[in-house]
Structure formats: C-alpha cells, structure tokens
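Data block below; observations after.
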Amino acid sequence: RLVLLLDSSPSCSRMANTYSQISTEACKFDDIEIYDAPNGYLHSIYDPRRKGYRRLTKEEIDSTLYWSAFGGRTVIYFGDDDATRSIKRAWRYCDLHWFYKSFGSTTSKRIVMRKRKKWAGKLKIYECNNVDELINAVRSMR
C-alpha cells in the first residue's frame, strides 16, 4: 500500500491548493492512506467513510511518529525540509519519494544534492515548487 503525506504547515501554504488537488484525486483509490502531516508530523488521516479527515488518536500519533509504522511500504511525502527528522529515521525502512518544496536558494539546492547522495537508493527527491515541476517529477517516477 501507498502512504501519502501532505505538509500543511505555513511554510508550504503556497502549495496548499496543489496538495488539496492531490488529496482529492488520491482519495479515489482504495490502496492509498492519506495523512495531513504538517512539518512531517502526522496530524490526521483521510477517512473514506466520512469523506474527510479525522484527527489521529494519541495512540495513532505515537505509532506513526517519525513514520515508524510504514516499514516496507512506499511513502510519498509532499513538503519542505521541516520533515528531515522523520525522513532521517524512516528512509531505511520505507521506499521514500519526497516531492521537495524548496525555497529556490543555492543553499536549498545544495541541501537537496547532499541528501540525494546520502540517501541514494532508498530516497528519491523531486523538486516540486509548482504544478509544472510536479508533472515532470511524476513523469520521471515511471
């Protein structure tokens, strides 16, 4: 099964509409779990019966901290590098695809290059700051 994590923190507000569209399309599939994950910390899960998000219980939050419950699964994370702590702990156990919302700075690009090299094989990073970059990233995944 796939796990889709969408960063809803203020630093990703520019991408909120895009993330909403991704969520709307993804909820049509039965084999995807969709989470609201501000700064990479899971907050709520999409409940197909309610056709909306519900807050995670304390136990669910504890079990998904640093994405520990997703071992052996494919995780697709849309967000910036506020989730680096979770990614650092989870990359060994999951097949991770990070649609990275950068801030366009040279420092940001260097960080991405360093992370690509460090986590090669288990973590794929795609720059994703707008819809065009998202489309190109998805095409390169195939």
Side-chain angles (χ1 to χ4, degrees), residues 1-29 31-48 50-142:
R1 290 183 64 158
L2 291 172
V3 177
L4 180 62
L5 308 176
L6 302 168
D7 186 343
S8 62
S9 68
S11 59
C12 289
S13 63
R14 208 177 83 222
M15 295 296 290
N17 188 40
T18 303
Y19 294 169
S20 175
Q21 290 173 7
I22 291 167
S23 177
T24 300
E25 290 302 313
C27 72
K28 295 176 183 176
F29 300 96
D31 58 349
I32 298 178
E33 287 180 17
I34 307 167
Y35 292 89
D36 177 19
N39 294 327
Y41 293 99
L42 283 60
H43 174 277
S44 54
I45 184 170
Y46 180 79
D47 184 341
R50 291 183 184 179
K51 296 193 188 298
Y53 285 87
R54 72 159 175 81
R55 289 183 73 81
L56 295 173
T57 65
K58 182 173 178 3
E59 293 79 25
E60 289 171 322
I61 290 172
D62 289 345
S63 74
T64 58
L65 185 64
Y66 301 122
W67 312 349
S68 57
F70 305 133
R73 297 171 69 189
T74 299
V75 175
I76 301 172
Y77 171 65
F78 285 87
D80 55 16
D81 48 354
D82 294 336
T84 301
R85 182 176 290 144
S86 295
I87 291 169
K88 231 185 231 184
R89 294 189 182 191
W91 73 270
R92 290 179 183 91
Y93 310 108
C94 309
D95 183 22
L96 289 171
H97 296 268
W98 181 6
F99 289 82
Y100 179 72
K101 189 245 178 247
S102 71
F103 296 100
S105 69
T106 305
T107 305
S108 229
K109 291 186 187 302
R110 270 185 287 174
I111 289 169
V112 170
M113 294 305 288
R114 206 170 338 127
K115 288 176 184 175
R116 278 187 178 137
K117 184 177 179 180
K118 180 179 179 179
W119 296 326
K122 284 298 250 178
L123 173 67
K124 290 134 192 108
I125 304 173
Y126 311 91
E127 199 158 352
C128 186
N129 295 303
N130 55 51
V131 175
D132 290 336
E133 286 180 355
L134 172 63
I135 291 168
N136 288 334
V138 170
R139 283 184 184 143
S140 71
M141 281 180 72
R142 295 182 181 179

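Below, all heavy atoms of this structure are taken into account, side chains as well, without hydrogens, waters or symmetry copies.
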The side-chain hydrogen bond (donor to acceptor under 3.5 Å, both in side chains) partners of Tyr19 (sequence neighbours excluded) come to none

Which atom pair, heavy atoms only, marks the closest approach of [X] to [Y]?
{"X": "Leu4", "Y": "Ala26", "value": "CD2-CB, 3.6 Å"}
{"X": "Ala83", "Y": "Gly40", "value": "CB-CA, 3.6 Å"}
{"X": "Ser11", "Y": "Asn39", "value": "OG-OD1, 4.4 Å"}
{"X": "Arg55", "Y": "Glu60", "value": "O-OE1, 4.4 Å"}

For [X], side chain to side chain contact (heavy atoms under 4.5 Å, CB included) partners two or more places apart:
{"X": "Gln21", "result": "Asn17"}
{"X": "Ser8", "result": "Asp36, Pro38"}
{"X": "Asp47", "result": "Arg49, Arg50, Arg54"}

*Residue pair Trp67 / Arg89, side-chain heavy-atom distance below 4.5 Å*: no

Would Trp98 and Thr84 count as a side chain to side chain contact (heavy atoms under 4.5 Å, CB included) if you check the C-alpha gap in whole Å, the side-chain angles of each, and the deciding distance to 0.1 Å?
CA-CA 10 Å; Trp98 181 6; Thr84 301; 4.2 Å; yes

For residues 70-78, which side-chain N or O atoms pair as donor and acceptor with protein atoms under 3.5 Å away, sequence neighbours left out?
unit_1: Arg73; atom_1: NH2; unit_2: Glu33; atom_2: OE2; d: 3.1
unit_1: Tyr77; atom_1: OH; unit_2: Asp7; atom_2: OD2; d: 3.0
unit_1: Tyr77; atom_1: OH; unit_2: Asp80; atom_2: O; d: 3.4

Find the distance between [atom1] ([X]) and [atom2] ([Y]) and round it off to the nearest 0.5 Å.
{"X": "Ser9", "Y": "Asp82", "atom1": "OG", "atom2": "CG", "value": "5.0 Å"}
{"X": "Leu6", "Y": "His43", "atom1": "CG", "atom2": "NE2", "value": "13.5 Å"}
{"X": "Leu123", "Y": "Lys88", "atom1": "CG", "atom2": "NZ", "value": "12.5 Å"}

Closer than 3.5 angstrom, by distance alone: can the side chain of Ser68 be matched with the main-chain N or O of Ser63 as a donor-acceptor pair? yes

From the list Val3, Leu5, Leu65, Ile61, side chain to side chain contact (heavy atoms under 4.5 Å, CB included) with Leu42 holds only for Leu5

For Tyr53, the ring pair (Phe, Tyr, Trp, His ring centres under 6.0 Å) test, sequence neighbours excluded, returns Tyr46

